[in-house]
Participant: 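Once you've had a glance at the structure underneath, I'll fire off some questions.
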Amino acid sequence: MAKYIVLAVVILILNFIHSFFLPSGGVYADSLSYFGIAADLPNPETNLFPMGYPAALRLFFEIFGDYFWASKILNTTMMIFILLFSYFKRFFSRETVLLMTGKTILFVFSIAISESLFIFLFYFLLYYLYKILSDETKSYRNIIFASALMLLMFSARYSGIYVYISIAAFFALMLLRKAEKSQLKGIFIFLVLSGLGIAGYLLFNVTQFGSFTGENLRGKPAEILPIYIVRDLLGTANSVNPYIGLKPASNSLTSLAFQFFILLIDIGVLVYLIKYFRKAKETRLQVFHILLWTIASVYAVSLLVSGWMQQIEEMNTRMMAAANVCLFFSFLILYFNNLKSDKTLFKIACFFLIFFTVYSLKSPANYFENRSQIEPQMSKFSHKKYLYNNERGGSESLTTYQIPLINKSFQYKHTNNQKGDVKQSIAGTINPKIKWLKYDTIKDKSQVLYTSEIILK
């Protein structure tokens with residue numbers, strides 16, 4: 001166990017310092033929306049995003065006085081809590097450490113996005129569902145905790161409803177399989193209680209904001225072009241891969257060919273995972289593994305269809321976080337159940353931990369240097385109400401990569417490395433009361449802070 005404790009400490013250190021070397025400190029457009037809602041509390045102006053993550057940010061902001069540090073300390077605290085909980089509760093502690101070397105945990109806890117809180121709550125939801133399915137003692141307490149966590153997940157991300165639907169599908173499957181009455185009863189009460197909680201949250205939204213989930217604010221769905229359907233399907237398929245999540249933004253032939261190559265790897269991983277899933281029949285945790293796979297499958301398909309019907313981003317590691325965690329967790333539990341030696345998997349986990357860190361910092365920057373340039377300028381923009389990046393489409397910053405062996409190079413535009421995006425993210429972090437705009441629609445331009453007005457060398 002000692003090596004897993006060391007690995008856990010390394011993960012925490014790398015995760016903590018990671019965003020220091022990103023141009024905007026791991027803060028992006030959605031982060032600014034959460035910061036803005038948090039700054040407005042206790043009087044939020046919108047329900048486009050649920051209140052859970054902004055409320056958590058606001059709590060930590062009251063302690064640290066800065067939204068960058070609030071998000072950073074919040075993420076680290078959640079990771080530490082998961083690791084300590086798994087260790088002292090003996091809830092698959094080795095598996096949990098290795099789960100944190102996968103692409104999903106490393107990604108969502110390294111930047112300021114609501115998926116960090118979502119996955120944090122999801123981990124504990126899985127714990128209490130596991131207890132409901134395997135432990136009849138204190139069953140009602142487990143059900144109440146699980147129901148509360150389900151509601152909190154929905155308050156962190158509206159996509160939590162798909163986890164709820166997944167568990168309802170699992171309940172239906174268990175009815176068909178004629179599962180034990182105690183298991184059916186526990187899941188049924190959980191669905192009723194958490195369903196009432198979610199309904200109450202939606203009712204609050206309607207009475208307070210006039211919509212269930214801010215659907216009137218999202219705009220019409222973008223045109224569904226074949227290329228975006230393909231990219232969404234590739235992103236959904238990639239949810240089975242615990243480590244590799246490379247997805248270039250470009251739609252060039254080379255980029256698509258690369259993504260189809262990743263798809264072949266994903267198919268191979270899926271076949272391997274199914275092989276391991278079959279071993280669940282030999283264990284007492286078969287029902288728990290069925291739950292994990294049901295959540296992964298129903299969640300992924302539900303979110304994919306939802307993405308085509310709403311104005312949300314394409315399927316990727318972030319969007320498929322819950323599905324990926326379920327599949328990887330199921331594999332890890334079964335792997336250790338059939339363990340002969342963990343050396344190979346441990347080495348693979350360490351390799352991809354290093355790979356992810358190096359890959360994500362392939363163009364390292366100094367966040368604090370960027371911030372030190374922008375922060376003194378913000379006082380003269382305190383009267384501004386809106387923030388807009390008007391530097392898109394201008395001179396672009398391209399990163400050059402050398403391909404070893406064949407002595408070739410190529411250039412790639414990293415969206416979040418562009419100066420306008422960096423200025424927008426840092427300015428919005430310093431003053432989240434200035435709301436960022438996706439489009440320059442404000443008639444009174446004197447109310448808008450344009451990124452071209454901010455100097456960043």
Participant: Is the shortest side-chain heavy-atom distance between N238 and Q259 below 4.5 Å?
Facilitator: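 Not in contact.
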
Participant: So do K457 and Q373 actually touch side chain to side chain, heavy atoms under 4.5 Å?
Facilitator: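 The answer is yes; the side chains approach within 4.5 Å.
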
Participant: Less than 4.5 Å apart, side chain to side chain, heavy atoms only: is that true for L304 and M319?
Facilitator: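 No, too far: nothing below the 4.5 Å cut-off.
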
Participant: Residues two or more places apart in sequence or in another chain: which of them pass ring-ring contact (aromatic ring centres under 6.0 Å, His included) with Y386?
Facilitator: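 For Y386 there are no ring-ring contact (aromatic ring centres under 6.0 Å, His included) partners, ignoring immediate neighbours.
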
Participant: Name all residues meeting the side chain to side chain donor-acceptor pair (under 3.5 Å) criterion together with Y164; count only those two or more places apart in sequence or in a different chain, and write none if there are none.
Facilitator: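 Side chain to side chain donor-acceptor pair (under 3.5 Å) check on Y164 returns nothing, list empty.
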
Participant: Taking only residues at least two apart or on different chains, which pairs with a member in residues 231-269 satisfy ring-ring contact (aromatic ring centres under 6.0 Å, His included)?
Facilitator: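 Listed once each, the pairs are Y243-F328, Y243-F352.
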
Participant: Tell me, do N431 and K384 make a side-chain contact under 4.5 Å, heavy atoms counted?
Facilitator: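 No - every pair of side-chain heavy atoms lies 4.5 Å or more apart.
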
Participant: Do T451 and N390 pass the side-chain hydrogen bond (donor to acceptor under 3.5 Å, both in side chains) test, and can you show the C-alpha distance, the side-chain angles, and the key distance before you say yes or no?
Facilitator: CA-CA 6 Å; T451 56; N390 65 328; 3.1 Å; yes

Participant: F81 and F124: aromatic ring centres closer than 6.0 Å?
Facilitator: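 Aromatic pair counts; centres sit under 6.0 Å.
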
Participant: Evaluate the criterion side-chain hydrogen bond (donor to acceptor under 3.5 Å, both in side chains) for residue pair S24 and D421; output intermediate values, then yes/no.
Facilitator: CA-CA 8 Å; S24 60; D421 292 284; over 6 Å; no

Participant: Tell me every residue that passes side chain to side chain contact (heavy atoms under 4.5 Å, CB included) with T76, counting only those two or more places apart in sequence or in another chain.
Facilitator: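 Applying side chain to side chain contact (heavy atoms under 4.5 Å, CB included) to T76 gives N15, F16, K72, I80.
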
Participant: For T101, run the side-chain contact (heavy atoms from CB on, under 4.5 Å) check against L345, V10, I348, L7 and tell me which one passes.
Facilitator: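 The residue from L345, V10, I348, L7 that satisfies side-chain contact (heavy atoms from CB on, under 4.5 Å) with T101 turns out to be L7.
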
Participant: Using side-chain heavy atoms (C-beta onward) and a distance below 4.5 Å, is Y272 in contact with F331?
Facilitator: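 Yes, their side chains come closer than 4.5 Å.
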
Participant: Evaluate the side-chain proximity of Y367 to I426: yes if any heavy-atom separation is below 4.5 Å, no if none is.
Facilitator: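 SC-SC contact between I426 and Y367 confirmed.
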
Participant: Test F92 against every option in Y123, Y130, Y87, F85 by the ring-ring contact (aromatic ring centres under 6.0 Å, His included) rule and name the one that passes.
Facilitator: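 For F92, the ring-ring contact (aromatic ring centres under 6.0 Å, His included) check succeeds only for Y130.
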
Participant: Any side-chain hydrogen bond (donor to acceptor under 3.5 Å, both in side chains) pairs touching residues 104-118, not counting sequence neighbours?
Facilitator: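 Residue pairs passing side-chain hydrogen bond (donor to acceptor under 3.5 Å, both in side chains), neighbours aside: Y34-S114, N75-S116, T104-N324, S114-R157, E115-R157, E115-R318.
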
Participant: What residues, two or more places apart in sequence or in another chain, satisfy salt bridge (Lys or Arg N to Asp or Glu O under 4.0 Å) together with E95?
Facilitator: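 For E95 there are no salt bridge (Lys or Arg N to Asp or Glu O under 4.0 Å) partners, ignoring immediate neighbours.
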
